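Below is one structure; the comments refer to it alone.
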Amino acid sequence: MANQPIGIFDSGIGGLTVFRSIAEQLPGYDYIYLGDNSRAPYGDRSFNTIHQYTWECVQWLFKQGCPLIILACNTASAKALRTIQQKDMRGLDPAKRVLGVIRPTAEVIGDYSKTGEIGVLGTNGTVQSQSYLLEIQKFFPDLKVYQQACPLWVPLVESGEYEKPGSDYLVKGYLDELMAKSANIDTILLACTHYPLLMDKMKAHLPSTINVIAQGDIVAKSLADYLHRHFELEQKLSKTGTRKFYTTDDTADFDRHASRFFSAPVTSELVSVSSLTC
Ligand code: DGL
């Protein structure tokens, strides 16, 4: 059987929090993870740059044989997915699929709230795109959604500095800004792959009545459902339980940090940025 893994893409290492949930819920499939670490973070980059970088990585994953690619990155899902689906993939094999993380999350997030008011935390790119507001509106038109960009959280997590006590100040700062927007917020969505690493610190600063929701399990459940509904695509996928990891930056660095995100040892291989488009 041909090697046809599921591709998982993120701007860096954070997408491993989503991959971990996917691998737990759907262990039998083969997977290739690509982190574009050398060009991360994407969060403050322009639309054109995020689209160009994401499309280069998607094309590379197609070349590795992936018929299905998940953009685990919220910023890439917000800024690049629509153009990739509607323009870039025109003329390619129509059986190939690229999916994001925003729609599956938007489909269910309203079910977590009793007050009908939620907060969404993300990068500048994700917040400014308004993608969550637009998608959630389709499924929960009465839900009030308050957004807060947390641009310092990705560098805090990538560097490992988040484990130090000094990081509490930065965690509390953005949470206070969000909670000042409404006293009725009872659910906070972590709309960035890195933020689950800050879960304990966030909970320490929030009343226990507030739900903090990481999206990995939501995305994994939605993927399982998608594969159930798309039998022809599901049949094509190879199923030997292989996991391969690639990074566009230092592999030793990737492997050292990866276990915090993936909860298992990771051995990655290098893909140079220049080879992504060859
Ligand atoms: N992975 C990105 C996300 O989920 C955050 C990291 C970045 O800014 O590149 O939005």
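Nothing here was measured: the structure is a model prediction, and the numbers come from that model. Counting starts at 1 for both ligands and their atoms, following the listed order.
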query: Would a line drawn from the ring center of Phe245 to the ring center of Phe262 be shorter than 6.0 Å?
result: yes
task: Kindly compute the distance separating CG (Asp30) from OG1 (Thr240), expressed to the nearest 0.5 Å.
output: 3.0 Å
- request: State plainly whether the residues Lys221 and Asp225 are in salt-bridge range, i.e. N to O under 4.0 Å.
  value: no
message: What I want to find out is whether Glu107 reaches Arg103 closely enough, with some N-O distance under 4.0 Å, to be called a salt bridge.
response: yes
With a cut-off of 3.5 Å and sequence neighbours excluded, list every side-chain donor-acceptor pair involving residues 205-214.
{"from": "His205", "atom 1": "NE2", "to": "Asp168", "atom 2": "OD2", "distance (Å)": "3.4"}
{"from": "Asn211", "atom 1": "ND2", "to": "Tyr112", "atom 2": "O", "distance (Å)": "3.1"}

field: Electrostatic pair Lys203-Asp200, nearest N-O below 4.0 angstrom
entry: no
Could you list each nitrogen or oxygen of ligand 1 that sits under 3.5 Å from a protein nitrogen or oxygen, with the atom names and the distance?
{"from": "ligand 1", "atom 1": "1 (N)", "to": "Asp10", "atom 2": "OD1", "distance (Å)": "2.8"}
{"from": "ligand 1", "atom 1": "1 (N)", "to": "Ser11", "atom 2": "OG", "distance (Å)": "3.4"}
{"from": "ligand 1", "atom 1": "1 (N)", "to": "Thr193", "atom 2": "OG1", "distance (Å)": "2.7"}
{"from": "ligand 1", "atom 1": "4 (O)", "to": "Asn74", "atom 2": "N", "distance (Å)": "3.0"}
{"from": "ligand 1", "atom 1": "4 (O)", "to": "Asn74", "atom 2": "ND2", "distance (Å)": "3.3"}
{"from": "ligand 1", "atom 1": "4 (O)", "to": "Thr193", "atom 2": "N", "distance (Å)": "3.0"}
{"from": "ligand 1", "atom 1": "4 (O)", "to": "Thr193", "atom 2": "OG1", "distance (Å)": "3.3"}
{"from": "ligand 1", "atom 1": "8 (O)", "to": "Tyr42", "atom 2": "N", "distance (Å)": "3.3"}
{"from": "ligand 1", "atom 1": "8 (O)", "to": "Gly43", "atom 2": "N", "distance (Å)": "2.9"}
{"from": "ligand 1", "atom 1": "9 (O)", "to": "Ser11", "atom 2": "OG", "distance (Å)": "2.6"}
{"from": "ligand 1", "atom 1": "9 (O)", "to": "Tyr42", "atom 2": "N", "distance (Å)": "2.6"}
{"from": "ligand 1", "atom 1": "10 (O)", "to": "Thr75", "atom 2": "N", "distance (Å)": "3.2"}
{"from": "ligand 1", "atom 1": "10 (O)", "to": "Thr75", "atom 2": "OG1", "distance (Å)": "2.7"}

